[in-house]
Number of protein chains: 2
Amino acid sequence: MATGRTHRPATRSRGIPEATVARLPLYLRALTALSERSVPTVSSEELAAAAGVNSAKLRKDFSYLGSYGTRGVGYDVEYLVYQISRELGLTQDWPVVIVGIGNLGAALANYGGFASRGFRVAALIDADPAMTGKPVAGIPVQHADALEDIVRDNGVSIGVIATPAGAAQQVCDRLVGAGVTSILNFAPTMLTVPDGVDVRKVDLSIELQILAFHEQRKAGEDAAADDDAAPAPAAVKGAAAAAAAAAAMDEADPKGTDGEAPAVMPA
Amino acid sequence: MATGRTHRPATRSRGIPEATVARLPLYLRALTALSERSVPTVSSEELAAAAGVNSAKLRKDFSYLGSYGTRGVGYDVEYLVYQISRELGLTQDWPVVIVGIGNLGAALANYGGFASRGFRVAALIDADPAMTGKPVAGIPVQHADALEDIVRDNGVSIGVIATPAGAAQQVCDRLVGAGVTSILNFAPTMLTVPDGVDVRKVDLSIELQILAFHEQRKAGEDAAADDDAAPAPAAVKGAAAAAAAAAAMDEADPKGTDGEAPAVMPA
DNA sequence: CAATCTTTGTGCACACGTTCACAAAGACAT
DNA sequence: ATGTCTTTGTGAACGTGTGCACAAAGATTG
């Protein structure tokens, strides 16, 4: 191995830490609200409070973008809105395709805020022929066969996957093959993509499970203490099987209709 | 295992790192898939690959739960499913209320995986009287007036907010007041809650903006370099104002119908 | 029963992220 | 102008998370 150098190009982004990038949209939203109220400047303290973060963190975050503040005064709201927008790439148009127009896909298509940030829904795609042509959010659904053409014709580089888990990888492969390099995945599957393609995952079930964990903590460990003297594996087989069975169904689509999204997917 | 199988050492209650907790659902999903295929045991290497994480990280994560593996063999799938389920609190029933039955709320209500993990949709709540009584996913929508009663009668401790941003804090306050101590927030607002209440946020617009950032990076910094020689604030006022206006609309609900969720909210 | 082989559990070093605390920068009043 | 007062920008300490590398544990084989 001789000095493991197999790191991935995580921080190649001109030095802006990933954690900071993740907070920029948060700041942008708070700044936008201030801008609407015609507030000319904000201090790091005020803005941090509005965004729900530590003020020192906010200042450090902004310092990665450059020195846009004025000591003794604060930050120019309009200017900062512009700088962050530009940094995030929101000053340009991002055509997006949504694949899998089930409940969730339809909900996303209807989301007005989509268009408001430079994101434009270029097409809705579903594998179910019955859906083809049916307008959702004013946009006619197109059949999955046209996926590659749509992506190429519109120069789409961001794809949203809202299909059942079983179809996600396949859809992902086709999107990537057609030129998509960023994917927002709502299906409960781990996607495999080539280098250079970004995947972000939104998973409701995971969020809920994390909440449940903390909730259980808060409720006291008494209840958990009962079955704590963990019996041998064989003894818990019953419980384990039950848990497995209960948890099982989100892995495979019961209906098996791989190409469409009959139910909301995220969890 | 005769007597002390360890797993008691440090960390029973406080020691499980947040990062580990966030990965447990991931492992659980992978394990569930294996369980379905009746695979008896997995090595950390295999499971890590299936979950998309580093195998050393996985082993360390499991070590926080206790020593459930067998050297030379791996982990007993069923047993691990049970242990993780228990640790996450999924062996008990979690009644959940969804507030704001717009596009997203309806999508969530229809999500089958909800019920499959110990999460039970106890009620759907919307402020729009026109929605009251209308069945969504087989459950009749109830009016917001009944929120407190519903929460108390069902012992709900987890609430899902899918309302417009403008209503989120108010709904949150009422949920908390009624006894909810964990909230999953889909509205694009920062919620203020008392100590002891957990909030997790799912924000589509933020995810997309993060993707856009990386996408812009990949596209080359040439384009960005143009307007990089940032002119004085005054000079960019026009652009800044345009960006602000474009970004503005996700902050306030255009329709102003505070109590309902006419459009999907998350972004 | 001993040798061998596989895989866990973890010590360690390093990278990343957060927070404090404060000097320097600049506005503003006098 | 000069001094005061506010607020930024950042060095440094600290905490958390990650990944390597390896010894110990135990299965398996002859």
Side-chain angles (χ1 to χ4, degrees), chain A residues 1-24 26-27 39-77 79-80 83 210 232-233, chain B residues 1-2 4-11 14-24 26-27 31 39-77 79-80 83 210 232-233:
Chain A
M1 34 47 138
T3 50
R5 178 76 350 102
T6 344
H7 268 292
R8 36 79 212 286
T11 1
R12 50 103 124 91
S13 322
R14 180 59 123 263
I16 301 185
E18 205 39 48
T20 295
V21 173
R23 279 187 296 267
L24 290 181
L26 221 59
Y27 302 144
V39 177
T41 60
V42 254
S43 69
S44 63
E45 208 72 52
E46 293 168 314
L47 187 53
V53 303
N54 178 294
S55 70
K57 193 191 294 184
L58 178 144
R59 288 198 298 277
K60 185 153 289 191
D61 282 343
F62 285 173
S63 79
Y64 292 119
L65 308 184
S67 291
Y68 296 141
T70 305
R71 293 168 193 237
V73 177
Y75 299 90
D76 182 286
V77 172
Y79 188 52
L80 206 44
Q83 288 298 344
I210 295 171
Chain B
M1 318 344 180
R5 349 62 316 208
T6 44
H7 101 296
R8 186 62 48 70
T11 60
R14 266 289 131 78
I16 302 184
E18 209 33 53
T20 295
V21 173
R23 280 188 294 268
L24 290 182
L26 221 59
Y27 302 145
L31 283 165
V39 177
T41 60
V42 253
S43 68
S44 62
E45 207 73 52
E46 294 167 314
L47 187 54
V53 302
N54 178 293
S55 70
K57 192 190 295 183
L58 178 144
R59 287 197 298 275
K60 188 157 291 190
D61 283 342
F62 286 172
S63 80
Y64 292 119
L65 308 184
S67 293
Y68 295 142
T70 305
R71 294 168 193 235
V73 176
Y75 299 90
D76 181 287
V77 172
Y79 189 52
L80 206 44
Q83 288 298 342
I210 296 171

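Order of the sequence lines sets the chain letters (A, B, ...), proteins ahead of strands, with each chain counted from 1. Remember, predicted model here, so these are calculated numbers, not experimental data.
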Which part of the nucleic acid, if any, lies within contact of B:A56, taking any heavy atom under 4.0 Å across all strands shown: a base, the sugar-phosphate backbone alone, or nothing?
base

Touch class at under 4.0 angstrom, heavy-atom based, for A:Y75 against every strand present
sugar-phosphate

Interatomic distance, [X] [atom1] vs [N] [atom2] [rounded to whole Å]:
X	N	atom1	atom2	answer
A:F62	D:dG9	CZ	P	10 Å
B:E18	D:dT18	CD	P	12 Å
A:L58	C:dG17	CG	C1'	15 Å
A:Y64	D:dT10	OH	C1'	10 Å
B:D61	D:dT18	CG	C1'	10 Å
B:L47	C:dT8	CG	C1'	13 Å
B:Y68	D:dG26	OH	C1'	19 Å
A:N54	C:dA21	CG	C1'	12 Å

Side-chain N or O of B:S44 versus OP1/OP2 of C:dT7: is the shortest distance under 4.0 Å?
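So the side chain of B:S44 is outside the cut-off, no N or O lying under 4.0 Å from OP1 or OP2 of C:dT7.
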
Contact under 4.0 Å: B:T70 side-chain N or O vs D:dG26 OP1/OP2:
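Answer no for this pair, as no side-chain N or O of B:T70 is under 4.0 Å from OP1 or OP2.
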
Non-hydrogen side-chain atoms of [X] and [Y] separated by less than 4.5 Å:
X	Y	result
A:T41	A:T70	no
A:V53	A:D61	no
B:E46	B:Y75	no

Does the base of D:dT18 carry an N or O that pairs as donor and acceptor with the side chain of B:K60 under 3.5 Å?
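In this structure, the two groups form no donor-acceptor pair.
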
Side chain of A:R71, base of D:dT7: donor and acceptor closer than 3.5 Å?
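For A:R71, whose side chain was compared with the base of D:dT7, there is no donor-acceptor pair (under 3.5 Å).
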
[X] has a side chain; which of [options] sits nearest to it?
X	options	value
B:S67	D:dT7, C:dG17, C:dG9	C:dG9
A:S43	D:dG9, C:dT10, D:dT8	D:dT8
B:R59	D:dG17, C:dA27, C:dG9	C:dG9

If you find the nucleotide of DNA chain C closest to A:G72 and the one closest to A:K57, which residue's nucleotide is nearer the 5' end?
A:K57

Evaluation steps, ring-ring contact (aromatic ring centres under 6.0 Å, His included), between A:F62 and A:Y68:
CA-CA 8 Å; A:F62 285 173; A:Y68 296 141; 8.3 Å; no

For residues B:L31 and B:V77, report the shortest heavy-atom separation together with the two atoms involved.
O-CG1, 3.6 Å

